[in-house]
Every structure is written in structure tokens, then in C-alpha cells.
Amino acid sequence: MSDVSPTVLFEHPLNEKMRTWLRIEFLLQQLHGQRALSETAIALTFFRTVSDLLDVLERGEVRTELLKELERQQQKLLAWADVPGVDMALIDQLRGQLKSRSSALMAAPRLGQALREDRLIGLVRQRLNIPGGCCSFDLPTLHMWMHAPQQDRDADVAAWLQSLDPLNQALIMVLDLIRQSGPFRNQISLNGFFQDNAEGADLLRLRLHLAPQLYPQISGHKTRYAIRFLPLDSENGVVPERLTFELACC
């Protein structure tokens with residue numbers, strides 16, 4: 001039996017575009033993980049996540065940035081065409097997927113529009129910032145909805161999530177290709193510190209063993225980054241003089 005301790009993966013964006021994408025991915029994953037709204041507490045978590053997602057989509061040009069990235073990834077794949085021994089069938093398949101994601105995203109209505117226009121979501125969003133503001137006497141509409149048959153609620157949730165599908169599918173593919181673009185390499189920090197050049201990368205991925213109970217504090221941008229390792233137990237934790245970890249610059 002292996003005595004190697006389990007690892008934890010940290011990701012750190014190196015620009016605003018990637019920061020937004022990782023936040024959207026985080027929120028979409030929560031929405032897909034909370035689909036069975038069987039009780040009010042779960043439903044309110046779902047609606048709060050919807051509200052957070054709509055707030056993120058309000059800021060910045062999410063669709064424009066994603067379409068640019070889908071095009072950039074197609075060009076990157078095209079550059080592989082001249083490399084001897086490359087699997088052109090795979091390249092063509094990926095380019096086809098990128099094109100179809102791009103077309104779906106371009107044809108979609110304004111991102112989050114169906115959620116913004118939904119009456120129930122709108123009513124709940126108005127009350128979310130009021131402490132306890134979603135009580136049955138404050139929101140009788142939600143109370144009634146929670147007493148509808150489960151399959152009715154499931155159908156509503158499925159329709160809401162489907163309206164986000166062009167965004168979700170494009171984002172999954174873009175982030176997948178970016179993550180695969182940088183291999184993990186072993187690195188060593190000295191006295192809890194490591195720094196290097198980012199060379200125009202979008203994302204740092206850092207894999208750490210759980211046993212030392214350390215976490216990374218990362219500061220960086222597109223040209224340079226620095227990592228400081230800090231103990232989870234700030235009073236008694238120890239940072240080793242030399243710490244091995246894996247790092248991918250994507």
C-alpha cells in the first residue's frame with residue numbers, strides 16, 4: 001500500500017479574464033451540483049448562486065472574451081498541422097468542437113437573460129440581502145413553489161440550466177485546453193518562497209501534498225509571479241526549509 005500523502009490542487013489566475021472565467025466555472029459547478037431542490041435551504045443556496053452568477057455576467061465582456069479565446073485555440077491547433085506525426089484526425093475533431101461551441105455561443109441570447117427575466121428568480125433575488133428575508137410570509141411565491149411536485153421544480157431547474165448551456169460548454173472546453181497546455185513540473189521552494197517568470201501565461205496550477213498542511217499565497221500577473229507557502233495552523237505550523245511541489249504554467 002502506498003504511503004504517499006494525498007495532494008490538493010490550487011489554481012491562480014494571472015489576468016482579469018481568467019479570474020472571471022474561474023469564478024463563472026465555480027458558480028456553474030455549484031448550480032449543476034444543486035439541481036434537486038428538495039428543501040428550502042438547498043433552493044436558497046441555488047438561488048443565491050444564480051444571483052452571484054448574474055452579478056459576474058453583468059461585469060465585463062464575457063461572451064466577447066470567450067469567443068476570442070475559442071478562435072485563439074483554433075489557431076493554435078492549426079499551427080500543429082505542419083508538425084510531422086501529429087494526429088490530424090484529433091486536431092480536426094477539436095477544431096470542429098471549437099467551431100460549434102463558438103457558433104452556439106454567438107447565436108445565444110444575452111448571457112443569463114432567461115434567468116434575469118424569470119419572475120421567481122427575480123422575486124428571490126430582491127430578498128436575498130435581507131437577513132431571513134426569504135421566509136414564507138415574505139416570499140409566499142417561493143413557499144408555494146417548494147410545495148409543488150418535485151418533477152415540476154426539476155423541470156424549471158433544467159430549463160434554467162439549459163439556458164446557460166452555450167456559456168457552460170464554451171467555458172468547459174476553453175478551460176480544459178488551457179489547463180492541458182502546461183505540464184506539471186517538480187519545483188522546490190526555499191524557506192517557503194518561490195518565484196519565476198510567467199511568460200504571458202493565463203493560469204498557474206499548483207499541486208501540494210496535504211501532509212505538511214501548507215497553502216500557497218500567490219501574487220502575480222502575465223510576466224512574473226511569486227508564491228509564499230504558509231502554514232494552515234498559523235501559530236504552531238512549520239514551513240520546511242525545502243518544499244517540493246508540482247507547478248504548471250498554462
Side-chain angles (χ1 to χ4, degrees), residues 7-37 42 45-74 76-77 94 97-116 121 125 128 157-184 198 200-208 215-222 225 246-250:
T7 58
V8 59
L9 177 70
F10 292 90
E11 292 188 325
H12 187 83
L14 292 171
N15 52 50
E16 195 56 41
K17 166 188 78 178
M18 182 56 70
R19 185 173 287 112
T20 300
W21 290 350
L22 290 179
R23 284 181 177 148
I24 293 172
E25 178 192 46
F26 177 64
L27 293 166
L28 286 170
Q29 284 172 348
Q30 288 177 66
L31 290 179
H32 282 272
Q34 298 162 351
R35 335 177 40 127
L37 309 187
I42 300 169
T45 304
F46 179 89
F47 287 122
R48 195 173 292 281
T49 308
V50 166
S51 187
D52 286 351
L53 178 64
L54 291 177
D55 286 347
V56 175
L57 292 176
E58 284 293 324
R59 307 178 213 131
E61 295 294 313
V62 175
R63 190 206 304 255
T64 310
E65 291 287 0
L66 272 175
L67 287 169
K68 275 189 208 162
E69 187 61 33
L70 288 163
E71 179 58 37
R72 187 174 81 97
Q73 291 294 341
Q74 283 189 57
K76 277 177 77 175
L77 287 169
L94 284 170
Q97 287 175 2
L98 284 164
K99 278 181 184 163
S100 78
R101 300 284 194 279
S102 192
S103 301
L105 187 61
M106 219 179 287
R110 185 177 168 217
L111 296 181
Q113 192 63 22
L115 304 178
R116 269 185 214 94
I121 290 174
R125 279 188 90 195
L128 280 173
V157 171
W160 293 332
L161 293 180
Q162 192 178 357
S163 75
L164 294 168
D165 210 42
L167 167 67
N168 196 25
Q169 294 300 323
L171 191 64
I172 285 171
M173 186 155 195
V174 158
L175 290 178
D176 197 34
L177 287 170
I178 290 172
R179 284 171 174 136
Q180 288 178 33
S181 70
F184 278 101
D202 289 308
L203 180 69
L204 285 183
R205 308 184 78 217
L206 194 152
R207 202 182 277 139
L208 270 180
Y215 65 91
Q217 194 176 68
I218 303 170
S219 56
H221 48 78
K222 59 186 177 184
Y225 62 87
E246 289 179 274
L247 184 71
C249 208
C250 307

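- Tyr225 has its side chain out of reach of His12: every pair of non-hydrogen atoms, C-beta onward, lies at least 4.5 Å apart.
- For Tyr215, the side chain to side chain contact (heavy atoms under 4.5 Å, CB included) criterion is met by Phe10, Leu230, Leu232, not counting sequence neighbours.
- Between Leu70 and Ala170, the shortest heavy-atom distance links the atoms CD1-CB, 4.1 Å.
- For Glu61, there are no salt bridge (Lys or Arg N to Asp or Glu O under 4.0 Å) partners at least two apart in sequence or on another chain.
- To the nearest 0.5 Å, the span separating CG on Leu54 from CZ on Arg59 amounts to 11.0 Å.
- The shortest non-hydrogen separation linking Leu28 to Leu53 is CD2-CD2, 3.9 Å.
- Considering only residues two or more places apart in sequence or on other chains, Arg125 meets the side chain to side chain donor-acceptor pair (under 3.5 Å) condition with Ser51, Asp55.
- For the atom pair CZ of Arg101 and CG of Leu66, the computed distance is 12.0 Å after rounding to the nearest 0.5 Å.
- Glu25 meets the side chain to side chain contact (heavy atoms under 4.5 Å, CB included) test with Leu22, Gln29, Leu171, Leu175, Arg179; sequence neighbours excluded.
- Not counting sequence neighbours, the partners of Ser181 by the side chain to side chain contact (heavy atoms under 4.5 Å, CB included) test are Lys76, Cys250.
- Within the model, atoms CG of Leu27 and CG of Leu31 stand 7.0 Å from one another, a figure rounded to the nearest 0.5 Å.
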Quiz prompt | Stepwise side-chain contact (heavy atoms from CB on, under 4.5 Å) test for Val157 and Phe46 | solution = CA-CA 10 Å; Val157 171; Phe46 179 89; 4.0 Å; yes
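- Nearest heavy atom pair, residue Gly220 against residue Leu14, reads C-CD2, 4.0 Å.
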Practice problem: Any chance you could lay out the side-chain contact (heavy atoms from CB on, under 4.5 Å) test for Leu206 and Leu208, step after step, and finish with the verdict? | Solution: CA-CA 7 Å; Leu206 194 152; Leu208 270 180; 3.5 Å; yes
Quiz prompt | side-chain contact (heavy atoms from CB on, under 4.5 Å) between Leu161 and Asn168, worked out | solution = CA-CA 9 Å; Leu161 293 180; Asn168 196 25; over 6 Å; no
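- Partners of Glu71 under the side chain to side chain donor-acceptor pair (under 3.5 Å) rule, at least two apart in sequence or in another chain, are Gln75.
- The side chain to side chain donor-acceptor pair (under 3.5 Å) check on Asp52 picks up nothing, with sequence neighbours excluded.
- Between Trp21 and Val174 the shortest side-chain heavy-atom distance falls below 4.5 Å.
- With sequence neighbours left out, the salt bridge (Lys or Arg N to Asp or Glu O under 4.0 Å) criterion links Asp202 to Lys17, Arg72.
- Contacts of Gln34 classified as side chain to side chain donor-acceptor pair (under 3.5 Å), with partners at least two apart in sequence or in another chain: none.
- Side-chain atoms of Arg116 come within 3.5 Å of backbone N or O of Leu111 as a donor-acceptor pair.
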Exercise. Just do the side-chain contact (heavy atoms from CB on, under 4.5 Å) check on Glu65 and Thr20 with the steps written out, would you?
Key: CA-CA 10 Å; Glu65 291 287 0; Thr20 300; over 6 Å; no
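- Contact between Arg63 and Met106 at its shortest, heavy atoms only, is NH1-O, 3.7 Å.
- Evaluation of the salt bridge (Lys or Arg N to Asp or Glu O under 4.0 Å) rule for Arg48 yields no partner, not counting sequence neighbours.
- Judged as a side chain to side chain contact (heavy atoms under 4.5 Å, CB included), and not counting sequence neighbours, the contacts of Leu177 are Gln73, Leu98, Met173.
- One finds the CZ atom of Phe47 at 10.0 Å from the CG atom of Leu115 (value rounded to the nearest 0.5 Å).
- The salt bridge (Lys or Arg N to Asp or Glu O under 4.0 Å) test applied to Glu16 returns Arg19, not counting sequence neighbours.
- Residues Phe184 and Arg205 share a closest heavy-atom pair of CE2-O, 3.6 Å.
- The two residues Ala36 and Ile42 make their nearest non-hydrogen contact at O-CG2, 3.9 Å.
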